[in-house]
Protein chains: 2
Amino acid sequence: MSYKTKVSRNGNIAKLQAGYLFPEIGRRKAAHMLKYPDAQVISLGIGDTTEPIPEVITSAMAKRALGLSTIEGYTGYGAEQGEKQLRAQLASTFYSNLGIEEDDIFVSDGAKSDISRLQVLFGSNVTMAVQDPSYPAYVDSSVIIGQTGEFQKDIEKFGNIEYMKCTPENDFFPDLSKVSRTDIIFFCSPNNPTGSAASREQLTKLVNFAKDNGSIIIYDSAYAMYVSGDTPKSIFEIPGAKEVAIETASFSKYAGFTGVRLGWTVVPKELKYSDGFPVAKDFNRIVCTGFNGASNIAQAGGLACLSPEGLQAMHEVVGFYKENTKIIVDTFTSLGFTVYGGIHAPYVWVHFPGRSSWDVFSEILEKTHVVTTPGSGFGPAGEGFVRVSAFGHRNNVLEACRRFKELYK
Amino acid sequence: MSYKTKVSRNGNIAKLQAGYLFPEIGRRKAAHMLKYPDAQVISLGIGDTTEPIPEVITSAMAKRALGLSTIEGYTGYGAEQGEKQLRAQLASTFYSNLGIEEDDIFVSDGAKSDISRLQVLFGSNVTMAVQDPSYPAYVDSSVIIGQTGEFQKDIEKFGNIEYMKCTPENDFFPDLSKVSRTDIIFFCSPNNPTGSAASREQLTKLVNFAKDNGSIIIYDSAYAMYVSGDTPKSIFEIPGAKEVAIETASFSKYAGFTGVRLGWTVVPKELKYSDGFPVAKDFNRIVCTGFNGASNIAQAGGLACLSPEGLQAMHEVVGFYKENTKIIVDTFTSLGFTVYGGIHAPYVWVHFPGRSSWDVFSEILEKTHVVTTPGSGFGPAGEGFVRVSAFGHRNNVLEACRRFKELYK
C-alpha cells in the first residue's frame with residue numbers, strides 16, 4: 001500500500017466539478033485528433049489568438065531582452081506593481097479624463113492571475129454574484145477560496161453564489177430587481193461568452209445597484225478594444241464607479257499577448273471597505289507578498305503597444321478579428337440560426353434552442369472537425385448555446401464556415 | 001464624508017504587521033537617499049541580482065520574441081503547466097536519477113508566486129511550521145490565507161504557526177524533538193537569510209520527521225546551484241522525499257532572472273493527501289484556474305539556460321556571486337565578527353550579539369550608505385543579526401567592504 005500523508009485535502013477544491021472548462025475542451029480535441037489523425041481540425045474554441053504580434057511590439061521586447069545582457073540595460077527585480085512608465089502610459093491611454101491615476105494601476109501577468117489574487121484579497125467571508133453565463137474562472141476561483149457552498153447537481157449551481165441570468169430575454173443584462181445583494185459582483189463586458197456589451201444606461205444601473213448595496217464590482221474589460229461607438233470601454237466612464245469598482249484588463253486579445261502574459265488591474269484609491277480602509281492598500285499587500293511583477297520583457301512589449309505605432313497595430317489586429325466575427329455571424333445567420341454577440345466582441349453566441357450544448361459541441365466536432373465551446377460550460381443559462389470564437393487565421397475561419405454550411409444547410 | 005462600501009475588510013490581511021519586509025527596506029533606502037542626495041548608496045539588501053544575463057540566454061529570448069511576429073513562430077496560450085520541452089529539460093537537468101518526471105514539474109513565473117499558489121492549494125485549515133528566521137513570504141502568505149492566529153507582539157510571532165528556531169546553537173537546523181507536528185513544513189535550504197545549507201544527514205532527519213508525522217515539506221531550493229560538495233541540492237536526493245515533499249525553485253539567482261520571472265515547482269505524483277488523493281492533481285487545478293503559464297519568452301530563456309552553454313554561463317554567474325560572498329565573509333571576519341552562511345549561499349549572516357537588528361541596519365545605512373537587511377525582519381530568532389547580500393557589482397562590494405572596515409575598525 002502506498003504512503004499517504006496525514007494532510008487533509010482542501011475541501012473547497014474538492015467541491016469543483018470535473019476539469020476546468022478549457023483544459024477539458026483541450027482533452028476532447030486531443031481525443032478527436034487521435035480518432036481522426038488525418039482530419040484538419042480547426043479550433044474556434046478556447047479563444048486563443050492566432051495572428052502574429054505586430055513587429056513594432058516584438059522588436060521592443062527583443063531589444064529589452066538583448067539589453068539585459070549589458071551593464072546599462074540590465075535590471076533585476078522590478079516594482080511588484082509594474083514599471084512606473086508603463087503604469088503612467090496605461091493611465092493616460094485608457095483612463096484619460098476618467099480620474100484614474102498611475103498609482104491606481106497594478107500591472108500583472110494577465111487577468112486570470114489577477115482574478116485569483118482578487119479572490120485572495122477578499123477571502124472566504126464575502127458573497128459573490130456572477131453573470132450566468134460567464135468566464136468560468138470567476139466561479140471556480142470563488143469555490144477554491146471558500147466563498148461557496150457545495151455544487152447542486154439538479155440546478156448546476158454552487159450554493160451561496162448569486163447567478164445573474166443573462167439571456168436574450170433580458171438583452172443579456174441581469175434583471176437587478178431580482179438580484180440579491182452580494183459583497184462582490186463579477187461583471188464582464190463585452191461579455192465572454194455571450195459577446196454582448198452593456199450599454200451606458202445598463203452600466204449606470206449596475207453602478208447604482210452596487211452603490212445602493214455597498215457592493216464591489218469586479219469589472220472584466222478584457223475585450224474593451226473590440227467596442228465601437230458610444231458603448232463604454234471602461235466601467236470608470238460611469239460616474240461614481242471609482243467608489244464601487246475594480247477593473248481588470250489585458251493585452252492578450254489586442255496584441256496577441258496570450259502567451260507573452262501581460263495585463264493590469266485598476267483599484268481606485270476611492271474604493272473603501274466598510275471601515276473606510278482603502279481596498280488598494282490591501283491589494284498592494286497581496287501583490288507584494290505573492291507576486292514579483294510581470295516579466296520585464298513583457299512590460300517592454302506593453303509599453304510598445306501603447307506607442308502611436310503600437311496602438312495603430314493593435315487596432316489592426318482587433319479589426320482583423322472583428323472581420324472574422326462578421327464572417328461567422330453572417331454564416332450562422334444565413335443558415336437560419338439566431339446569433340448574439342459578435343459586434344463589440346470576438347465571440348459569436350449561437351442559439352440551438354432545445355438542444356444540449358455539449359451535444360451540439362460534439363456534433364460539430366465530429367462532423368466538421370471544428371472545435372467550439374459549449375455554452376453550458378459557462379453556466380446553466382448557457383445551455384442551448386455554443387460559443388464560436390473569431391480567433392483564427394482567415395482561411396481557417398472561412399473553411400470552418402464552409403463546413404458549418406455543409407453541416408447545417 | 002467619502003463613500004464606503006459595505007464589504008468587510010479581509011480580517012486575515014488586517015493581521016499582517018507593517019509592510020512586507022523588502023518594500024519597507026525600499027522605503028527606508030528612498031528616505032535615506034532624500035536625506036543624502038549626494039551619497040553613493042550601495043544596496044546589499046534585498047538580494048537583487050546585478051550582473052547581466054549571459055548572451056546565450058538573452059539571444060534565445062530575443063529570437064523567440066521576434067519569432068512571435070511570424071506566422072510560423074507565433075504561439076498563443078501555452079500550457080498552464082509550462083512548455084513540454086522545458087519541463088522535460090528541467091527534469092533531466094536537475095532531477096536525473098531522482099525519479100522526478102516531466103509531468104511532476106510545473107513551470108511558473110517565480111517561487112514567490114508559487115508559494116502563494118501553494119497556500120491557496122492547502123487552504124486555511126492546515127497548520128504550518130517555518131524556520132525562524134526565514135524568507136517572510138512563507139509566514140505572510142500563511143497569514144493571508146487564514147492559517148494563523150493574531151500577531152503576538154510580546155513574542156513577535158503569529159499564533160498557530162510553529163516557529164522552528166535556527167541559530168548557531170543548533171547549527172541552524174531545528175531541534176525536531178521540540179517541534180510540534182504540523183501539516184505543512186516550509187524549509188528553505190540553502191537558507192535565506194542565514195545562508196546555511198542543511199546536510200544530507202539533517203535533511204534525512206527532516207524527511208523522516210515529516211514521514212512520521214504525515215506532514216508535507218515545501219522545500220524552497222532557490223539557491224541550490226550555490227551548493228558545492230556532497231550537500232544535497234534537492235530534497236529529492238533524500239530517499240522517500242517524493243512521498244512527503246514539494247520543491248520550489250527559480251532561475252532568478254542563477255541567470256539573473258529576477259526581472260524576467262521564471263521558476264518551477266515539483267509536485268511528485270507520489271505525494272498524497274490523507275484520503276489518498278494526489279496533491280499534484282489539485283495543484284494542477286489551482287494552476288489551471290488561476291494562472292496561464294509563464295511568459296513564453298521567459299520560457300525560451302529557461303530552455304537556453306539548460307543548454308550546455310547556458311549551464312556553463314549560469315555556473316559562471318553563480319561563481320561570480322560566490323566570490324563576492326567570500327570578500328564579504330573575509331571582511332567581517334577580519335573585523336572580528338562571527339559570520340555564518342556564505343559558503344553554499346549568496347548571503348552572509350553577520351552576528352551583532354546583544355544589538356537590535358534594525359539599529360545595526362540603520363547604523364550601517366547612516367554611516368556607510370550601504371543597505372543591508374535586518375535579521376529580525378525574517379523572524380524573532382534573526383534578532384541580533386544582519387544579512388549582507390552578495391548580489392552586487394564587484395566594485396560596489398569592494399567599496400562596501402572598505403566602508404565596513406572604516407566603520408568597524
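As the structure is a computational prediction, the values presented were derived from the model and not from experiment. Computed from heavy atoms alone, side chains included, the values below leave out hydrogens, waters and symmetry copies. The sequence lines fix the lettering, A, B, ..., with proteins before strands; numbering per chain opens at 1.
With hydrogens and angles ignored, the 3.5 Å screen pairs a side-chain donor or acceptor of A:Ser141 with a backbone N or O of A:Tyr138. One N or O on the side chain of B:Lys211 and one on the backbone of B:Gly240 form a donor-acceptor pair closer than 3.5 Å. Formation of a donor-acceptor pair under 3.5 Å by the B:Lys242 side chain with backbone atoms of B:Glu270 is not found in this model.
A salt bridge is absent between A:Lys4 and B:Asp275: the closest approach of a Lys/Arg side-chain nitrogen to an acidic carboxylate oxygen does not fall below 4.0 angstrom. Salt bridge B:Lys272/B:Glu243: absent, no basic N to carboxylate O contact under 4.0 Å. Salt bridge annotation for B:Asp109-B:Arg117: present, with a cationic side-chain nitrogen under 4.0 angstrom from a carboxylate oxygen.
Listed options B:Gly276, B:Gly123, B:Ser113 were ranked by heavy-atom pairs under 4.5 angstrom with chain A; first place goes to B:Ser113. Counting heavy-atom pairs under 4.5 Å between each of B:Asn12, B:Thr127, B:Leu121 and chain A puts B:Leu121 at the top. For the options A:Met61, A:Gln119, A:Arg9, heavy-atom pairs under 4.5 Å to chain B are most numerous at A:Arg9. When A:Gly26, A:Ala210, A:Ala62 are compared by the number of non-hydrogen pairs under 4.5 Å with chain B, A:Ala62 comes out ahead. Between chain B and the options A:Asp114, A:Leu66, A:Asn296, heavy-atom pairs under 4.5 Å are most frequent for A:Asn296. Residue with the most contacts toward chain A among B:Ala298, B:Ser69, B:Ala65: B:Ser69 (heavy-atom pairs, distance under 4.5 Å). Ranked by non-hydrogen atom pairs under 4.5 Å with chain B, the options A:Ser8, A:Gly110, A:Gly67 are led by A:Ser8. Note on B:Leu271, B:Leu262, B:Ile184, B:Thr50: by heavy-atom pairs under 4.5 Å with chain A, the leading option is B:Thr50. Heavy-atom pairs under 4.5 Å with chain B were tallied for A:Gly78, A:Gly256, A:Gly301, A:Gly73; the largest tally goes to A:Gly256. With chain A as partner, the option from B:Thr70, B:Ile46, B:Val244 having the largest number of non-hydrogen pairs under 4.5 angstrom is B:Thr70.
With a threshold of 4.5 angstrom between heavy atoms, B:Ser215 approaches chain A through N, CA, C or O but not through any side-chain atom. Only the side chain of A:Ile145 comes within contact range of chain B, judged by heavy atoms closer than 4.5 Å. At a 4.5 Å heavy-atom cutoff, A:Arg64 makes no contact with chain B through either its backbone or its side chain. When heavy atoms are compared at a cutoff of 4.5 Å, B:Ile115 does not approach chain A at all. Residue contact with chain A, scored on non-hydrogen atoms closer than 4.5 Å, involves the backbone and the side chain of B:Tyr273 alike. Residue contact with chain B, scored on non-hydrogen atoms closer than 4.5 Å, is absent for A:Ser124.
The aromatic rings of A:Phe257 and A:Phe251 are tilted relative to each other, their planes meeting at an angle between 30° and 60°.
With contacts defined as side-chain heavy-atom distances shorter than 4.5 Å, the pair A:Ile71/B:Pro52 qualifies.
The structure places CZ of A:Phe209 at 9.0 Å from CZ of A:Arg181, a figure rounded to the nearest 0.5 Å.
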